[in-house]
Amino acid sequence: MAFVPRELQVLHCLTQRQSTKAIARELGLSASAVKFHLANIYRKLGVNKRSEAVVEAQRRGVAT
């Protein structure tokens with residue numbers, strides 16, 4: 001599955017170890033919107049938590 005641009009932005013923030021609130025503030029979203037995107041990211045990557053998402057995204061070349 002392909003990532004939508006907003007998911008890629010959230011992924012980038014994850015690689016910088018930002019909290020949900022910090023991601024929301026940086027991207028101008030609500031915390032619940034960030035959580036929605038995180039759930040989609042986890043599903044697409046087949047992971048269950050942030051650290052796994054970062055590792056898997058880097059492994060796939062989706063995030064640096």
Side-chain angles (χ1 to χ4, degrees):
M1 290 188 150
F3 292 95
V4 298
R6 188 60 94 179
E7 290 169 349
L8 292 174
Q9 291 173 325
V10 171
L11 254 176
H12 175 73
C13 292
L14 283 183
T15 64
Q16 296 176 343
R17 303 185 74 181
Q18 292 184 23
S19 68
T20 299
K21 286 182 182 181
I23 295 170
R25 197 170 33 250
E26 182 173 325
L27 299 180
L29 301 171
S30 67
S32 59
V34 172
K35 290 176 185 177
F36 173 80
H37 291 303
L38 287 172
N40 287 337
I41 290 166
Y42 295 169
R43 181 178 45 79
K44 290 178 181 182
L45 292 174
V47 300
N48 295 310
K49 57 186 177 180
R50 288 170 182 257
S51 58
E52 292 174 347
V54 170
V55 169
E56 185 62 19
Q58 289 173 337
R59 187 186 73 75
R60 294 185 188 191
V62 177
T64 55

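Note that the structure is predicted; figures quoted are calculated from it, not measured. Index from 1, following the sequence.
In this structure, the side chain to side chain contact (heavy atoms under 4.5 Å, CB included) partners of Ala31, at least two apart in sequence or on a different chain, are Thr20. Judged as a side chain to side chain contact (heavy atoms under 4.5 Å, CB included), and not counting sequence neighbours, the contacts of Arg43 are Met1, Asn40.
Taking NE2 of His37 as the reference point, atom CG of Leu29 lies at 5.5 Å (rounded to 0.5 Å). Atom NE2 of His12 sits about 9.5 Å away from atom CD of Gln9, to the nearest 0.5 Å. How far CG of Leu38 is from CG of Leu11: 8.5 Å, rounded to the nearest 0.5 Å. Taking SG from Cys13 and CG from Leu8, the interatomic distance works out to 11.0 Å, rounded to the nearest 0.5 Å.
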### Task
Output, in order, the C-alpha distance, side-chain angles, deciding distance and verdict of side chain to side chain contact (heavy atoms under 4.5 Å, CB included) for Val10 and Leu27.
CA-CA 8 Å; Val10 171; Leu27 299 180; 3.8 Å; yes
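Contact of the Ile41 side chain with the Val47 side chain is not registered, since no non-hydrogen atoms from C-beta on lie closer than 4.5 Å. Phe3 places a side-chain heavy atom less than 4.5 Å from the side chain of Leu45.
Counting non-hydrogen atoms of other residues, nucleotides and ligands closer than 6.0 Å to OH of Tyr42 gives a total above 12.
Between Leu14 and Val54, the shortest heavy-atom distance links the atoms O-CG2, 3.7 Å.
Contacts classified as salt bridge (charged side-chain N to carboxylate O under 4.0 Å, His left out) and involving residues 44-64 (residues at least two apart or in different chains) are given here: Glu7-Lys44, Glu56-Arg59, Glu56-Arg60.
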